[in-house]
Amino acid sequence: MTTSPAPASPPAYPMARTCPYGLPPDLSRLREEEPITRVRLWDGSTPWLVTRYDDVRAVLADPRFSADAGRPGYPARGPSSRARRQGPGSFITMDPPEHTRHRRMLIREFTVRRTETLRPVVEETVERLLSGMAAGGQPVDLVQAFALPLPSTVICHLLGVPYADHAFFEEQSRRMLDLQGDPSAAADAARTLAAYLRDLVVAKAAAPGDDLIGRLVLRHVRTGELTLRETVATAMLLLVAGHETTANMIGLGVLTLLRHPEQAAEIRDADDPAVADAAVEELLRLLTVAHTGRRRVAVEDVELGGVTIRAGEGVIAAADAANRDPAVFAVPDELDIHRAPNHHVAFGFGVHQCLGQPLARLELRIAYRALFRRFPSLRLAVPDDRLSFLHTMPIYGVRSLPVTW
Ligand code: HEM
């Protein structure tokens, strides 16, 4: 049985990718050779890194691992994420029963059935953006023309945030999340965004409309269940999680499909939408855009895979490594849109599993198919070694994607 002392020089985490489409080679090596091991973070701390699929799911399903970013030992992603977490966080960093209380207030907003009511908004937005692309000059940056405005428009519609403010909140969100940005700039961006949402929530408290924030106000703020601060924290989580993740999945997903034209053609030509549905799952698995690991801290001693993780020690459950674990996924580094079963952990696992996944799926399923149908000859407008990737963001993606058709 191994116990706590860290090896003399644990490897630094996160590890560098050598290919923008692949896992960092050192991460794959650890999964094969030392699946539960210590790594060194930016602040010198040495949490455990868990890389195998079964172990990642075990960590995320175990209540002895806390998601509370305020607990000592929690492995923060960087100085900026620590700096912006000074205030009360949202429920993504809470544990039950507090987490359950918050999540329960939102569950009915994100069921598969409820999300289907957003289909017309998603379809109309997709059509409008694609028509805008067709009407303009070429090349087009697909990130700015399609990948980002689609989820931004949809999350604004759902929450009741004016889309006219999108440039503002997209910018604050980027400043807030950049792991190598200035910590005081990240904290400032978080405060600025919170102040903006506070004004919006206050306005809705006076005159609630038929949108998610309005419904939260009517059902939970007016009853005293939810404070103004908590409502702002929830709105901020939904606004940021609702656009960054899906936007990067669209951009990087399209790029991946352009590199696999035969699979893109299948999505385009299939009458059965199930082909696009399966392709979305495969892209979610392969790309795992939330690529900096799910962060937890042990609240009790836990034995896992022959290792004892002591109370107070941090744990990083590397979903990207788990999603390419050859023990679970055959030929894991290859894109196979027919892969079945495909029980990836790209949306996490356990109580914090992504609340917005029905919405993300709806947007992605419509977006990829409609794009390749409208532009069957879509191709990169620059050599692919000119593309730049979001290595320092907690959500991975391609910075811009110049395309032509
Ligand atoms: C492809 C797009 C998306 C990906 C890859 C993704 C990924 C994730 C992951 C990995 C988690 C788990 C975090 C953890 O365990 O620490 C999560 C949680 C969450 N996501 Fe997403 N997400 C996506 C889209 C969305 C959308 C569209 C929304 C909202 C409309 C959303 C809202 C949330 C919320 C509220 C949580 C916190 C859940 C909780 O703590 O109970 N996500 N997401």
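Numbers here are sequence positions counted from 1. Just so it is clear, the values below take in all heavy atoms, side chains as well, and ignore hydrogens, waters and symmetry mates. Each ligand, and each atom within it, is numbered from 1 in the order the structure gives.
Residue contacts with ligand 1: Phe349 is excluded, as none of its non-hydrogen atoms falls under 4.0 Å. Within the structure, the closest approach of Glu363 to ligand 1 does not fall below 4.0 Å when heavy atoms are considered. Look at Ala67 and you'll find every heavy atom at least 4.0 Å from all atoms of ligand 1. Residue contacts with ligand 1 leave out Met94, since none of its heavy atoms falls under 4.0 Å from the ligand. Residue contacts with ligand 1: Val351 is included, with a non-hydrogen atom under 4.0 Å away.
Less than 4.0 angstrom separates some heavy atom of His99 from each of these atoms of ligand 1: 39 (C), 40 (O), 41 (O). Per-residue contacts place Ile155 under 4.0 angstrom from the following atoms of ligand 1 (heavy atoms of the residue considered): 30 (C). Ligand 1 places these atoms under 4.0 Å from at least one heavy atom of Leu238: 35 (C). Each of the following atoms of ligand 1 lies closer than 4.0 Å to a heavy atom of Ala360: 1 (C), 2 (C), 24 (C). Taking every non-hydrogen atom of Phe110 and a distance limit under 4.0 Å, the qualifying atoms of ligand 1 come out as 30 (C). If you number the atoms of ligand 1 from 1 as listed, the ones under 4.0 Å from a heavy atom of Gly348 come out as 10 (C). Within ligand 1, counting atoms from 1 as listed, the ones closer than 4.0 Å to a heavy atom of Arg103 are 38 (C), 39 (C), 41 (O). The Leu237 neighbourhood of ligand 1 comprises atoms 35 (C), with distances under 4.0 Å to a heavy atom of that residue.
Neither side chain, Thr46 nor Arg40, offers a donor N or O lying under 3.5 Å from an acceptor on the other.
Here the closest heavy-atom approach between residue Phe372 and residue Leu258 is recorded as CE2-CD2, 3.9 Å. A pairwise comparison of heavy atoms in Ala205 and Arg222 identifies O-NH2, 2.8 Å as the closest pair.
Protein heavy atom nearest atom 13 (C) of ligand 1, with residue, atom name and distance: Arg294 NE, 3.5 Å. Atom 11 (C) of ligand 1 has as its closest protein heavy atom Phe347 O, 3.8 Å. At the top of the distance list for atom 3 (C) of ligand 1, counting protein heavy atoms only, stands Thr245 CB, 3.4 Å. Protein heavy atom nearest atom 16 (O) of ligand 1, with residue, atom name and distance: Arg296 NH1, 3.2 Å. The shortest contact between atom 42 (N) of ligand 1 and any protein heavy atom is with Cys354 SG, 3.0 Å. Among protein heavy atoms, atom 1 (C) of ligand 1 sits closest to Met249 CG, 3.5 Å. Shortest contact from atom 26 (C) of ligand 1 to any protein heavy atom: Ala241 O, 3.6 Å. In terms of protein heavy-atom proximity, atom 28 (C) of ligand 1 is closest to Gly356 CA, 3.5 Å.
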Quiz item: Checking side-chain hydrogen bond (donor to acceptor under 3.5 Å, both in side chains) for the pair His338/Glu266: CA distance, chi angles, key distance, verdict?
Solution: CA-CA 10 Å; His338 299 293; Glu266 266 194 80; 2.6 Å; yes
Quiz prompt | side-chain hydrogen bond (donor to acceptor under 3.5 Å, both in side chains) between Arg399 and Ser388, intermediate numbers included | solution = CA-CA 6 Å; Arg399 204 175 296 278; Ser388 140; 2.9 Å; yes
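Ring geometry for Tyr163 against His166 counts as parallel: the plane angle stays under 30°, on a 0 to 90° scale with 60° as the upper cut.
Residues Tyr21 and Phe389 place their aromatic rings such that the two centres sit under 6.0 Å apart. The aromatic ring centres of Phe169 and Tyr196 sit 6.0 Å or more apart.
At least one donor-acceptor pair closer than 3.5 Å links the side chain of Asp95 to the backbone N or O of Ala67.
In Ala346, the part holding a heavy atom less than 4.0 Å from any atom of ligand 1 is the backbone. With a 4.0 Å cut-off on non-hydrogen atoms, Leu106 does not touch ligand 1 at all.
Residues Arg324 and Leu286 have side chains in contact (heavy-atom distance under 4.5 Å, counting atoms from C-beta outward). Within the 4.5 Å cutoff, the side chain of His102 has heavy atoms near those of the Leu226 side chain. The side-chain heavy atoms of Pro402 and Leu387, taken from C-beta on, include a pair separated by under 4.5 Å.
Counting heavy atoms only, Gly242 comes closest to atom 29 (C) of ligand 1 of the residues Ala247, Pro96, Gly350, Gly242.
If you run side chain to side chain contact (heavy atoms under 4.5 Å, CB included) between Leu216 and each of Asp211, Leu159, Leu238, Thr231, only Thr231 comes through.
By the 6.0 Å and 45° rule, Arg285 stacks over the aromatic ring of Phe329.
Taking only nitrogen or oxygen atoms, main chain and side chain alike, Thr246 does not reach within less than 3.5 Å of ligand 1. Geometrically, ligand 1 and Gln357 share no nitrogen or oxygen pair separated by less than 3.5 Å.
Arg101 has a carboxylate O that lies under 4.0 Å from a charged side-chain N of Glu98, or vice versa, which qualifies the two as a salt bridge.
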